[in-house]
Amino acid sequence: MKFRSTLIALALLAAGVSASAESKLLDQLKNQMGGGAASAGSNGASSGGATAGLAENLGFSMPAIGNNTMGNAAGVLQYCIKNNYLGGGDAASVKDKLLAKITGQKQQQTGFANGAKGLLKGGDGQTLNFKLLTSKVKEKGCDYVLKNATKLL
């Protein structure tokens with residue numbers, strides 16, 4: 001019986017930590033969207049102070065979206081549209097333009113397939129699984145992808 005109550009206490013503690021970390025992530029995404037958004041670097045990947053702030057505060061950063069990850073960004077936009085985290089108009093247009101740029105590129109098409117499953121992979125090696133996030137954080141993540149993908153057009 002003592003084991004069960006210890007297990008329940010640990011689960012509740014983990015849930016509290018998880019909720020706290022998710023709240024921090026949401027705040028960081030809001031800050032990043034508010035004006036500290038990363039800009040495209042010479043290697044085609046995004047970088048910047050807001051991304052570094054995520055790494056410092058949460059132990060990871062939002063995956064960098066650049067020319068080498070256009071297919072994945074288009075796939076994530078597809079995921080966001082399909083799951084109603086983004087309106088279809090602008091997001092669908094950006095997705096279609098990205099797809100037009102990557103047609104015939106095997107690696108980019110694989111990236112699209114992964115993105116459509118909710119896996120955001122950045123050129124910096126970072127990965128974020130949207131399926132593990134709450135709706136609020138998914139919305140902010142989708143906004144992040146749309147804003148950064150628009151810069152690639």
Pairs under 3.5 angstrom only: tabulate donor-acceptor contacts from the side chains of residues 103-111 to other protein residues two or more places apart or in another chain.
residue, atom, partner, partner atom, Å
Thr103, OG1, Leu99, O, 2.9
Gln105, NE2, Lys101, O, 3.3
Gln108, OE1, Met70, N, 3.4
Gln108, OE1, Gly71, N, 2.7
Gln108, NE2, Asn67, O, 3.2
Thr110, OG1, Lys106, O, 3.1

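- With rounding to the nearest 0.5 Å, the separation of CG in Asn114 from CG in Leu120 is 11.0 Å.
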Can you check side-chain contact (heavy atoms from CB on, under 4.5 Å) on Phe130 and Asn83, steps first, answer last? CA-CA 11 Å; Phe130 275 64; Asn83 292 290; over 6 Å; no
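- Heavy-atom neighbours of Asp90 CG from other residues, nucleotides or ligands within 6.0 Å: at or below the threshold of 12.
- Note on residues 101-153: pairs passing disulfide bond (SG atoms under 2.5 Å apart), not counting sequence neighbours, are Cys80-Cys142.
- Residues Val145 and Ala73 share a closest heavy-atom pair of CG1-O, 3.8 Å.
- Among all heavy-atom pairs drawn from Leu133 and Lys138, the shortest one is O-CE, 3.0 Å.
- With sequence neighbours excluded, no residue forms a side-chain contact (heavy atoms from CB on, under 4.5 Å) with Asn84.
- Heavy atoms only, all atoms of each residue included: Thr69 and Gly122 are closest at CG2-C, 3.6 Å.
- In this structure, the separation between CG on Leu77 and CZ on Phe112 is 9.0 Å, given to the nearest 0.5 Å.
- Taking hydrophobic clusters as Ile, Leu, Val, Met, Phe, Trp and Tyr residues chained together by side-chain heavy-atom distances below 4.5 Å, Leu119 does not share a cluster with Leu98.
- The aromatic rings of Tyr85 and Tyr79 lie parallel to each other, their planes meeting at an angle below 30°, with 60° marking the opposite boundary.
- Here the shortest heavy-atom pairing between Thr150 and Leu146 reads OG1-O, 2.6 Å.
- In this structure, the side-chain contact (heavy atoms from CB on, under 4.5 Å) partners of Lys121, at least two apart in sequence or on a different chain, are Asn72, Thr127.
- When the side-chain hydrogen bond (donor to acceptor under 3.5 Å, both in side chains) test is applied to Gln78, the partners found at least two apart in sequence or on another chain are Lys95.
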